[in-house]
There are 2 protein chains.
Amino acid sequence: MRLTTKGRYAVTAVLDLALNSKDKPVNLSDISSRQAISLSYLEQLFSKLRKNNIVKSIRGPGGGYLLNAPRDQISVATIINAVNESVELSRCDGRANCHDGQQCLTHNLWVDLSDRINDFLDRISIGELIRQNEQQNSQINRNHQGDIPISSYGS
Amino acid sequence: MRLTTKGRYAVTAVLDLALNSKDKPVNLSDISSRQAISLSYLEQLFSKLRKNNIVKSIRGPGGGYLLNAPRDQISVATIINAVNESVELSRCDGRANCHDGQQCLTHNLWVDLSDRINDFLDRISIGELIRQNEQQNSQINRNHQGDIPISSYGS
DNA sequence: CTATACTTGACTAAATTAGTTGGTTATTAC
DNA sequence: GTAATAACCAACTAATTTAGTCAAGTATAG
């Protein structure tokens, strides 16, 4: 489990997709301008998201991407792992090439932790994230911290 | 909240420290050779850990580092945040410099998620990690997956 | 047929991570 | 008091990853 800007971009882009696709496919140019992520970088990310069956694509004019499953069935962990694919976490994960016992022990401890984080993020779906945020905004229906009205979001 | 190899190194090093210091300070050279992390990189990490009061140092011969609190009071989140200091997560976190409402919305969603991950990791202490792993090893006292005996760990 | 938009791959720039070097300072032991 | 140890510190470099650019394609709607 890794949590970098790359994963953040991917989750953000999928959230944008979920929020803006009303059964209609959303094209990457739109996500690019809304989220200020370069088109080509989005292409790289969506290529991996598509290969992992998180989104599906429709080519040609009016095409774009759609979620490949209901919002509540797409977990944050799935998205992050999709774009971080093929990055090995620990140099010795079970294999015996770990000279010193001490090193292997701490590696195991890290792998345990990593698994727990993964389980945690696997239980958070993008649907849940969106709902939770909506609830927050309706509960605290006044300005928080600064003076940016909540109502300016959907503009 | 970010989760990179840097944080992994830091957590691993603190775990090594916790496991090897019996009231005696542990010097970085030992951690370096046990964990195969370069000495100078450890110095950089421990400089931050010390400034964040996670460890304390003793200079001179026989010196080294000690945990600055009981194992159970040092959370994984604290360690990771200490070494990742001064890395801003999201370009608009509450400030009004976020042109488009859509961008700000997804940013908020990410900040919410990040907070949840942080809370989660703040509830996991290195003491707990070590205990949990000890339990696992005593419960499953036979080979798992491959054929590397558990008993070879502590050698 | 033409414009749109996905798809792919190679390449480049920027940022972060990791390691190197070469010191200084505090402390212990001799 | 001087030699050895180990923290402390800063500047520099190498390696890796992230992000973006460029230049092709292919499928499809109209």
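Below, chains carry the letters A, B, ... as their sequence lines are ordered, and counting in each starts from 1. Values reported hereafter were calculated over all heavy atoms of this structure, with side chains retained and with hydrogens, waters and symmetry mates removed. All values reported here derive from a predicted model rather than from experimental measurement.
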If you compare every side-chain N and O of [X] against the phosphate oxygens of [N] (OP1, OP2), does one of them come in below 4.0 Å?
X     : N      : value
A:S57 : C:dT7  : yes
B:R2  : D:dT18 : no
A:T4  : D:dT18 : yes
B:R50 : D:dC8  : yes
B:Y65 : D:dC8  : yes
B:T5  : C:dA18 : yes

Determine which pairs satisfy salt bridge (Lys or Arg N to Asp or Glu O under 4.0 Å) with at least one residue from residues 106-123 of chain A, sequence neighbours left out, and list them in order.
->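 For residues 106-123 of chain A, and leaving out neighbouring residues, the salt bridge (Lys or Arg N to Asp or Glu O under 4.0 Å) pairs sorted by first residue read A:R116-B:E128.
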
Can you list every pair that meets salt bridge (Lys or Arg N to Asp or Glu O under 4.0 Å) and has a residue in residues 71-80 of chain B, with sequence neighbours left out?
-> B:D72-B:R131

Which listed nucleotide (C:dA18, C:dA3, D:dT5) is nearest to the side chain of A:P61?
->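 The closest nucleotide is C:dA3.
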
Go through D:dG20, C:dT17, D:dA7 for me and flag the one nearest to the A:Y41 side chain.
-> D:dG20

Enumerate donor-acceptor pairs with a distance under 3.5 Å from any side-chain N or O in residues 12-23 of chain B to protein atoms, sequence neighbours excluded.
| residue | atom | partner | partner atom | Å |
| --- | --- | --- | --- | --- |
| B:T12 | OG1 | B:R8 | O | 2.7 |
| B:D16 | OD1 | B:N20 | ND2 | 3.1 |
| B:D16 | OD1 | B:R34 | NE | 3.2 |
| B:D16 | OD1 | B:R34 | NH2 | 2.7 |
| B:D16 | OD2 | B:R34 | NE | 2.9 |
| B:D16 | OD2 | B:Q35 | NE2 | 2.6 |
| B:N20 | OD1 | A:Q102 | NE2 | 3.3 |
| B:N20 | ND2 | A:Q102 | OE1 | 3.4 |
| B:N20 | ND2 | B:D16 | O | 2.8 |

Let me know, please, whether A:Q44 or A:I58 comes out on the 5' side of the other along DNA chain C by nearest nucleotide.
->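 Per heavy-atom nearest nucleotide, the more 5' residue is A:I58.
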
Residue pair A:G60/A:K51 against DNA chain C: nearer the 5' end by closest nucleotide is A:G60

For [X] and [N], what is the distance between atoms [atom1] and [atom2] respectively, to the nearest whole Å?
X     : N      : atom1 : atom2 : answer
A:R8  : C:dA15 : CZ    : P     : 14 Å
A:L39 : C:dT8  : CG    : C1'   : 13 Å
B:L28 : D:dA6  : CG    : C1'   : 8 Å
B:N84 : C:dT17 : CG    : P     : 6 Å
A:L42 : D:dG20 : CG    : P     : 9 Å
B:I31 : D:dA6  : CD1   : C1'   : 12 Å
A:D30 : C:dC6  : CG    : C1'   : 14 Å
A:N27 : D:dA27 : CG    : C1'   : 15 Å

Tightest non-hydrogen contact, residues A:V83 and A:A10, listed as CG1-CB, 3.6 Å

Upstream residue (5' side of DNA chain D) when B:S29 and A:K6 are each assigned their closest nucleotide | B:S29

Sorted by chain and number, sequence neighbours left out, side-chain hydrogen bond (donor to acceptor under 3.5 Å, both in side chains) with B:N68 holds for none

Specify whether A:F120 and B:F120 have parallel, tilted or perpendicular ring planes, treating 30° as the upper limit for parallel and 60° as the lower limit for perpendicular.
->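 Plane angle under 30°, so parallel.
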
Short heteroatom pairs, N/O only, protein and nucleotides 23-25 of chain D, under 3.5 Å:
| residue | atom | partner | partner atom | Å |
| --- | --- | --- | --- | --- |
| D:dG25 | N2 | A:R59 | NH2 | 3.4 |

Can you give the donor-acceptor pairs under 3.5 Å from side chains of residues 50-64 of chain B to other protein atoms, not counting sequence neighbours?
| residue | atom | partner | partner atom | Å |
| --- | --- | --- | --- | --- |
| B:K51 | NZ | B:S47 | OG | 3.3 |
| B:N52 | ND2 | B:K48 | O | 2.8 |
| B:N52 | ND2 | B:E85 | OE2 | 3.3 |

